[in-house]
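Let me begin by presenting the structure, written as structure tokens, before commenting on it.
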Amino acid sequence: MSNDTAGRHTRFVVLLAALVALGPLSIDGYLPGLPDLAGDLRASAAASQLTITACLVGLAIGQLIAGPLSDTYGRRRPLLAGLALYTIASALCAVAPDVRTLVGLRLVQGIGGAFGIVIANAMVRDRTSGTRTARLFSALTLITGLAPVFAPVLGGQLLRVTAWPGIFVSLAVLGAVMLVATAAGLPETRSSASRQPLLAVVGQLLGDRVFTGYVLANGLVFAAMFAYISGSPFVLQEIHGLSPQQYSAVFAVNAAGLVAAAQINGRLVARAGARVLLLAGLLGATAGGTTVLAAVLTRAPLPALLIGLFVLVSSVGLVMPNAAAQAMADHGGHAGSAAALLGFSQFVFGGALAPLAGAGGATDALPMGIIVAVLPALALLALGVLTRSMPGRRRRPTALNHSAAYLGMRFGGVLLGNGSRPGQVRGDERAITRAKTFFAGEAPLARFPAEEETGER
């Protein structure tokens with residue numbers, strides 16, 4: 001790759017990362033100023049917290065709007081429109097006269113921010129395939145893990161020099177910068193447009209049980225992480241007596257685990273394959289959630305609970321990029337709609353299931369323990385049941401579909417290529433077949449290149 005090409009690729013990735021970060025920054029950036037916001041607008045705590053809910057709802061709805069639009073009209077025009085909407089809504093949030101108006105504007109702000117998230121993911125699928133898709137999704141997952149951690153910190157620093165409206169002004173400035181940068185430096189990645197009706201596209205995607213399996217696996221694990229986020233402040237501070245500073249340190253360590261897992265995933269995916277790493281992530285999340293539930297039931301010491309939470313959250317760094325890459329592998333023609341359904345499922349499952357973590361009140365950890373144990377197990381079940389090929393059905397072979405078999409070849413000493421005669425294999429074919437059946441359930445043994453790496457289109 002030449003220096004000029006590498007530079008363009010770096011700018012492309014940086015812009016995508018900034019687009020993905022808009023959502024977490026919008027949700028968490030103003031949280032330190034929430035008490036002052038409630039006082040200035042003469043709103044109750046519950047009413048001021050609705051501004052968070054409104055943004056989450058906007059991010060969910062906006063993805064369903066942005067995905068199909070980007071499939072129909074290309075990526076750039078809907079993205080620019082969404083960024084303009086986000087910038088205007090953020091600026092108006094700063095001058096909202098009352099909490100009701102602010103709730104409405106936050107809904108619009110979330111819709112605009114969703115365009116950046118879903119179209120950035122669709123652009124990844126437009127420009128890459130195979131293991132490069134999973135690798136780039138790992139980089140975006142890194143941003144997704146870091147942004148919620150640093151957003152409140154940045155918001156708190158801004159409050160040293162301004163009041164809460166200043167945070168929304170900063171978000172408006174960020175939106176304007178992203179609008180200009182996207183217009184000037186982000187190319188159109190959608191080579192052709194689709195004029196299929198929205199319902200037809202959604203029906204086609206959901207009718208693919210393999211796609212649905214990956215969406216469910218991704219959404220259920222994401223909901224488990226949401227349950228941890230919503231339930232852990234009460235469990236760790238009210239029940240186990242951690243101070244806010246100690247809780248912040250635990251939260252930061254777990255976020256670092258997610259980031260590290262995403263980075264490791266980016267390095268291993270070319271060798272191990274996206275499906276194998278996805279399975280490892282689901283097994284890790286299930287083990288972590290089960291450890292949390294066992295610690296709650298047995299009233300184990302705090303370290304046992306913290307270990308379970310760390311394993312659970314870190315495993316998300318393996319699940320999210322690989323589930324997204326697998327789900328979108330066979331749907332490049334509707335990458336925007338596929339990315340929209342992936343993102344929408346995260347917010348729907350997270351919003352619907354995470355509040356159950358507090359069903360027992362501030363002094364009962366059992367609801368959170370049950371949720372974080374059950375949801376990853378259901379995700380693992382969905383992967384196993386829905387993503388296996390039906391008897392007699394052969395899916396189109398891709399690098400991702402055969403990643404588990406590729407790993408089996410590595411371990412079994414089977415190398416096809418690099419001087420081998422066609423059809424010549426060395427190693428235990430039965431072991432390969434067992435690996436494929438267990439991990440992927442795919443069609444008969446295929447020939448693999450020595451290095452499974454596909455470049456940008």
Side-chain angles (χ1 to χ4, degrees), residues 13 16-17 20-21 23-24 117 120-121 124 128 131-151 214-229 232 248-292 303-328 342-343 346 349-350 372-373 375-377 379-380 382-383 400 403-404 407 439:
V13 173
L16 294 188
V20 169
I117 296 173
N121 287 326
V124 171
T128 65
T131 57
R132 293 179 72 92
T133 303
R135 188 177 297 169
L136 192 47
F137 274 134
S138 294
L140 297 185
T141 300
L142 171 66
I143 302 301
T144 304
L146 286 176
V149 177
F150 288 105
Y214 289 124
V215 169
L216 287 174
N218 183 66
L220 290 169
V221 170
F222 191 83
M225 186 176 72
F226 254 54
Y228 148 74
I229 291 173
S232 61
S248 297
V250 170
F251 192 90
V253 168
N254 290 338
L258 187 153
V259 169
Q263 288 295 93
I264 292 171
N265 182 80
R267 294 181 179 274
L268 292 183
V269 69
R271 294 185 178 181
R275 185 180 172 87
V276 174
L277 292 174
L278 171 59
L279 178 62
L282 290 175
L283 290 172
T286 303
T290 303
T291 301
V292 170
L305 178 64
L306 295 181
I307 289 173
L309 290 174
F310 178 80
V311 174
L312 169 70
V313 176
S314 299
S315 298
V316 177
L318 294 177
V319 172
M320 288 181 61
N322 294 309
Q326 291 280 79
M328 297 173 68
L342 276 165
Q346 291 177 349
F349 287 138
V372 299
L375 292 185
L380 189 61
L383 181 76
L400 292 176
S403 58
L407 182 64
F439 289 114

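Starting from 1, each residue takes its place in the sequence as its number.
For Phe137, there are no ring pair (Phe, Tyr, Trp, His ring centres under 6.0 Å) partners, not counting sequence neighbours.
Of all the heavy atoms in Ala323 and Asn218, the pair that sits closest is CB-CB, 3.8 Å. Closest heavy-atom contact between Ser315 and Gly281: CB-O, 3.3 Å. Contact record, Leu282 with Ala379: CD2-CB, 3.8 Å, taken as the closest heavy-atom pair. The minimum heavy-atom distance linking Ser314 with Ala261 is given by the pair O-CB, 3.1 Å. For the residue pair Ala217 and Val319, the shortest heavy atom distance occurs at O-CG1, 4.3 Å. Residues Leu283 and Leu380 share a closest heavy-atom pair of CD2-CD2, 3.7 Å.
Of the inter-residue distances, the one linking Leu305 atom CG with Phe310 atom CZ reads 14.0 Å to the nearest 0.5 angstrom. Distance check, rounded to the nearest 0.5 Å: CG of Asn322 to CG of Asn265 gives 4.0 Å. Separating the CG atom in Leu268 from the CG atom in Leu318 is a distance of 8.5 Å, to the nearest 0.5 Å. Separating the CG atom in Leu220 from the CD atom in Gln346 is a distance of 11.0 Å, to the nearest 0.5 Å.
Among Val253, Val292, Val372, the one residue that satisfies the side-chain contact (heavy atoms from CB on, under 4.5 Å) test with Leu309 is Val292.
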With side-chain contact (heavy atoms from CB on, under 4.5 Å) as the test, would you mind laying out the steps for Tyr214 and Leu278 before giving the verdict? CA-CA 10 Å; Tyr214 289 124; Leu278 171 59; 3.6 Å; yes

Audit row: Phe349, Leu216, side-chain contact (heavy atoms from CB on, under 4.5 Å) steps and yes/no: CA-CA 9 Å; Phe349 287 138; Leu216 287 174; 3.7 Å; yes

Test side-chain contact (heavy atoms from CB on, under 4.5 Å) applied to Val124 and Met328, step by step: CA-CA 10 Å; Val124 171; Met328 297 173 68; over 6 Å; no

Check step by step if side-chain contact (heavy atoms from CB on, under 4.5 Å) holds for Met320 and Leu140. CA-CA 10 Å; Met320 288 181 61; Leu140 297 185; over 6 Å; no

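Side chain of Thr291 to backbone of Gly308: no donor-acceptor contact under 3.5 angstrom is found.
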